[in-house]
Amino acid sequence: MTGESSTSAVAYRCPMPGIFIKRLLACAALAIGIGAIAGCGTGPGGDGDGTATAGISGYLSISAAASLQGAFTEMAAAFEDAHPKVSVSINFGASSTLARQIIDGAPVDVFASADQANMTEVVDAELLRDIPTIFATNSLEIIVRKGNPSGIDSLADLAETGLIYVTCAPEVPIGRYAAESLLEAGVTVNPASFEPDVKGIVTKVSSGEADAGIVYRTDVLAAGETATGVAIPDQFNVRATYPQAVLTGSPNEAASSAWMSFIAGAEGQAILRAYGFGQP
Amino acid sequence: MIAVLMAGIAVAFFALPFFGLLWRVPWSEAWSLLTEPESLEALRLSVYCSLWATALAVVFGTPLAWVLARYGFPGRRIVRALCLLSLVLPPVVGGVALFAAFGRRGLLGDPLFDWFGVRLPFSTAGVVLAQTFVGMPFFVLTVEAALRGLDRRTEDAARTLGASPWYAFRRVTLPAIKPALFAGAVLAWARAFGEFGATITFAGNFPGRTRTLPLAVYLALESNPGQALVLSVFMIAISFAVIVGLRDRWLGGSGDGDPT
């Protein structure tokens, strides 16, 4: 007698299935229609094959390293101002995650990685239109809670027992860079967690759940008031280089090329400088 | 005819991803990938945490379901909605909410640490907490429904024959809702076993301590896709076995009979 009552928790009865299905079909039809229109929009828009032309239009989808979030968000707005017919959307994440998505067939125009290793993965999969170009550099810094309550002054302090240190997995660029830096300094740490990407480290530290992590200099800048940075001496620091490239089968090649030259140009580089990135 | 066709499409929709997985798994090395130390460590942790979460869900969920089913008190609907919220909440949001409550600077996390030195984020206990948070509603919902569907006169009869409330509950009510208790516990366990979002947000990701199977799959996707596929199939196999077993034994498999 209880068998049926226990299923009732799961089974609901739709009062008007007919109307519901009609609406669902209408929605589906609408979605297909929009998809078709969007498909037209991303067709070959411009005839230029490099420099910014007035003719480019459509959608431009970019997969960019999480550390580029601030700079690229502004970059996209500036790019759209220069090319009003182009709509840019950016997928931020760990470079390793993005590389995996691209290899698995994500329809992306441009890939901007925070390291060479993950770009190489995409190169090896023969998915790049041309050779990646370095467009920015970055360095590492220790991020600690606001006002540095744990009193961290050096990499060696990160090994303190009881200190909650968070990092990323070695596949994620920042995870490997941080490990390199610690190895160089001869410090062994005991991470509390491997976050999905560098912004995960920033969030955990600035929210006060973790005490410290190693992130990019630009992340400490972007965190502003919410966290404090502690410099890592040059001899232990790592120079991170950011390559980007247009992918083969890019749905919007003309806009992709325009994006590449926009970033290499004066305006694009100025935005990157403003966010703390170094010269390529 | 159209209905059958659409049903066929729906079945294919569910089955294709599964067959896709099977097709991509590197079978020749499947066993070695599955028995790699990291895989076994994640499996051990997943089993350990999900069983704890299920136990907590049963211990606290049974009284909760009982109260929700039997006592009319003002605001009961709100209390129930609150308890079942994590059913519909995106797990990541659940993780953020857990931080706000049990994090180092959370409502309860702060005194917990100051007084007892207990720190839940980034710990195995944090995983259990996250899994209980998302799993318990399944148990409560199932058991509450069973309690509501129960003929209360049997209990009343027991009481008039001199049974204490506890005795009547133990000897009359409990046996009657046993199938629902099992079904609820298994559903809660399955949900806890597959928990990802709240775990990675609240408990973080560290091998042997908080990296459960779903987290291991997510991570292996980047470092070792073959391992990710093998672990995925393994998890699916377990879930499939549970669902089939559940249906036949406890969800009244005889009740729905054969389709005509």
Side-chain angles (χ1 to χ4, degrees), chain A residues 1-12 17 21 24-25 93-104 117-118 121 125 145-146 149 162-173 175-176 189-197 200-201 203-211 213, chain B residues 6 96 99-100 103-106 109-110 119 121-123 126 137-138 140-151 154 175-184 187 200-207 209-211 215 218-225 228 247 250-256:
Chain A
M1 65 178 164
T2 51
E4 54 182 354
S5 53
S6 61
T7 50
S8 68
V10 190
Y12 294 102
I21 286 167
L24 200 68
L25 286 174
S95 303
S96 47
T97 309
L98 301 172
R100 174 56 42 197
Q101 289 170 353
I102 289 167
I103 291 166
D104 277 339
N118 285 296
E121 296 270 319
R145 285 194 285 155
K146 188 181 174 181
L163 186 97
I164 304 178
Y165 169 80
V166 289
T167 185
C168 287
E171 294 79 36
V172 181
R176 202 185 55 253
V189 293
N190 187 12
S193 174
F194 294 107
E195 296 300 307
D197 60 36
I201 303 177
T203 310
K204 288 287 195 297
V205 173
S206 55
S207 69
E209 295 302 339
D211 294 310
Chain B
M6 289 184 71
V96 175
F99 259 135
R104 184 152 65 169
R105 289 178 8 184
D110 205 14
R119 196 176 268 167
F122 309 122
S123 69
F138 286 88
V140 173
L141 209 61
T142 314
V143 174
E144 191 202 342
L147 282 169
R148 282 179 183 282
L150 213 58
D151 189 348
T154 52
I177 61 166
K178 210 165 112 190
L181 286 172
F182 268 113
L187 284 173
I200 199 164
T201 314
F202 179 68
N205 168 22
F206 191 84
R209 190 165 5 141
T210 61
R211 185 179 298 162
L215 271 66
Y218 177 73
L219 210 76
L221 218 49
E222 284 163 23
S223 58
N224 188 352
R247 215 187 96 86
W250 300 304
L251 284 185
S254 58
D256 54 7

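Protein chains get the first letters and strands the later ones, always in sequence-line order, with residue 1 at the start of each.
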- prompt: Hey, which of Pro191(A), Pro196(A), Ser193(A), Cys168(A) is the one that makes side chain to side chain contact (heavy atoms under 4.5 Å, CB included) with Asn205(B)?
  reply: Ser193(A)
message: Looking at every heavy atom in both Phe194(A) and Pro207(B), which two are closest together, and how far apart are they?
response: CE1-CD, 3.6 Å
task: Counting only heavy atoms closer than 4.5 Å, note whether Asp104(A) contacts chain B via side chain, backbone, both or neither.
output: side chain
message: With a 4.5 angstrom heavy-atom cut-off, is it the side chain or the backbone of Ser207(A) that approaches chain B, or both, or neither?
response: backbone
query: Side chain, backbone, both or neither: which part of Ala169(A) has a heavy atom under 4.5 Å from chain B?
result: side chain
- request: Identify which of Asn118(A), Thr203(A), Ile164(A) forms the greatest number of heavy-atom pairs closer than 4.5 Å to chain B.
  value: Ile164(A)
message: Does any backbone or side-chain atom of Leu215(B) lie under 4.5 Å from a heavy atom of chain A? Answer side chain, backbone, both or neither.
response: neither
- line: If you tally heavy-atom pairs under 4.5 Å between each of Lys204(A), Glu209(A), Glu171(A) and chain B, the highest tally belongs to Glu209(A)
field: Which portion of Tyr218(B) sits near chain A, non-hydrogen atoms under 4.5 angstrom
entry: side chain
- prompt: Does the side chain of Val166(A) come within less than 4.5 Å of Phe122(B)'s, by heavy atoms?
  reply: yes
query: Which members of residues 93-103 of chain A, sorted by number, sit under 4.5 angstrom from chain B on a heavy-atom basis?
result: Ser96(A), Thr97(A), Arg100(A)
